[in-house]
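Take a look at the structure below.
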Amino acid sequence: MEAENNGKTSAAYPMNSGDGPYSYANNSISLGVVIDHIREIMIKDISEKLEITPSKPFWIADLGCSIGPNTFSAVKNLIDSVEFKYQSSQETTTTTQSELPQFQVFFNDHTSNDFNMLFKSLPGDRRYYAAGVPGSFYGRIFPDASLHLVHCSFSLHWLSQVPKELRDKSSPAWNKGRVHYSNSGDEVIKAYKAQYEKDMALFLKARAQEIVCGGLMVLISLGIPSGVHHSEAGGNRGFDLVGSCLKEMVEKGIVSEEKFDSFNIPTYLMTPQELETAVKENGSFAIERLEVLPHVKVNGVALNSHQVTFCVRSTLGELIKEHFGEETIDQLFDLYFQKVEEIHPSSIAEAVKTLSFLAVLKRKPIKH
Ligand code: SAH
């Protein structure tokens, strides 16, 4: 048996902790509206496609949960969906209320995630037992065939690491003067894509072992439409702008060139087709749904420059602090705010040529 991976399978880049102005908890609402938006789809798919007889307890995992509040909304939607399924089947069978499953929910993230904050803010009215599971989801984190339902939102664009070639000065993929792949040459893009493929294969292999046959996995991911060049994707622009700010700070002598050149952001936006290919290569899951989600704005209003800046800071803050030091961060994001104002926040927030998509995968029966 492969044991729990102790978080060593990949480097950790947790979101900003706590509940302050730059925390993920206070800056993730634009992703939360997507989770709310798919509630009805989740109820439909789980009631129609989950193929498990009610067992006690029913095991649910949210992978890459961060610190809320999105994970709590997602878990509530999952539980409502499973209860709806079993309650509706009561009408046709003799299942009684007492036979409804008890829920055990596992919140997973990197070991360095702020689990204290997560547990402190657990909803008081929850109808489940809660536990934290530390470790990278690119390795094994649960026993064989133990999970009934898995959820993972806005986490799979995080790679397990910056591709090795990017750290090698003699490699054609040495990413001098840039912090991300989207505006870089083909060698860099190829290295990121290869890392994504390796990581996704590991993710699916581990989940195929952990999810029971007939169990479901709901994935919500950021991505790009197929045929769009990575440099055109609005979702990448926010990160390119971090690169422009750092470059300016190098020119002013605030950040060393060496530090700048050795910094790369380990995220990759996949196309829905890339996910489909990975699932087919893995072979253990049937694709029950794969669809692009509509862009939804918080209260119908686009994010302003402050919100865009806080959002990027809540996501990249820890990574930047670790590489450049705590003292750089305020200056960097003051500059970032100015630049967002100049180019207009909509060019980042409107997510041109960027998409969110939903995949519902069912663990196939094991062939003997
Ligand atoms: N699911 C939440 C949080 C998304 S932020 C939401 O929808 O709002 C992405 C989260 O994924 C971060 O908390 C990050 O630490 C986590 N993450 C990234 N790579 C991971 C990995 N390999 N294993 C576990 N968690 C990971």
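None of these values were measured; they are calculated from a predicted model. All ligand and atom numbering here is 1-based and tracks the order in the structure.
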Quick one: does [X]'s side chain have a donor or acceptor within less than 3.5 Å of a partner on [Y]'s backbone?
| X | Y | value |
| --- | --- | --- |
| Asp109 | Ser66 | yes |
| Lys85 | Leu50 | yes |
| Lys364 | Gly283 | yes |
| Asp199 | Ser160 | yes |
| His180 | Arg237 | no |
| Glu210 | Ile141 | yes |

Please list, in number order, the atoms of ligand 1 under 4.0 Å from a heavy atom of [X].
| X | result |
| --- | --- |
| Ile35 | 7 (O) |
| Gly135 | 23 (N), 24 (C) |
| Phe154 | 4 (C), 5 (S), 7 (O), 9 (C) |
| Tyr138 | 22 (N) |
| Asn108 | 24 (C) |
| Asn70 | 6 (C), 8 (O) |
| Ser66 | 3 (C), 13 (O) |

### Query
Heavy atoms, side chains only, cut-off 4.5 Å: are Glu288 and Glu48 in contact?
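SC-SC contact between Glu288 and Glu48 ruled out.
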
### Message
Is there a side-chain contact between Lys247 and Phe260 in this structure, where contact means two heavy atoms from C-beta onward sitting under 4.5 Å apart?
### Response
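Yes, their side chains come closer than 4.5 Å.
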
#### Entry: Leu63 and ligand 1 - part of the residue with a heavy-atom distance under 4.0 Å
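Leu63 to ligand 1: no contact under 4.0 Å from either part.
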
### Message
Less than 4.0 Å is my threshold; does some heavy atom of Thr315 fall inside it relative to ligand 1?
### Response
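No.
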
### Query
Who's closest to atom 7 (O) of ligand 1 heavy-atom-wise, of Ser153, Gly139, Cys65?
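The residue whose heavy atom sits nearest atom 7 (O) of ligand 1 is Ser153.
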
### Query
Should one rank Asp109, Ile220, Leu159 by closest heavy-atom distance to atom 14 (C) of ligand 1, which comes out on top?
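Of the listed residues, Asp109 has the closest heavy atom.
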
### Query
Can you check whether Asn113 has an N/O within less than 3.5 Å of an N/O in ligand 1?
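N/O-N/O distance under 3.5 Å: no.
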
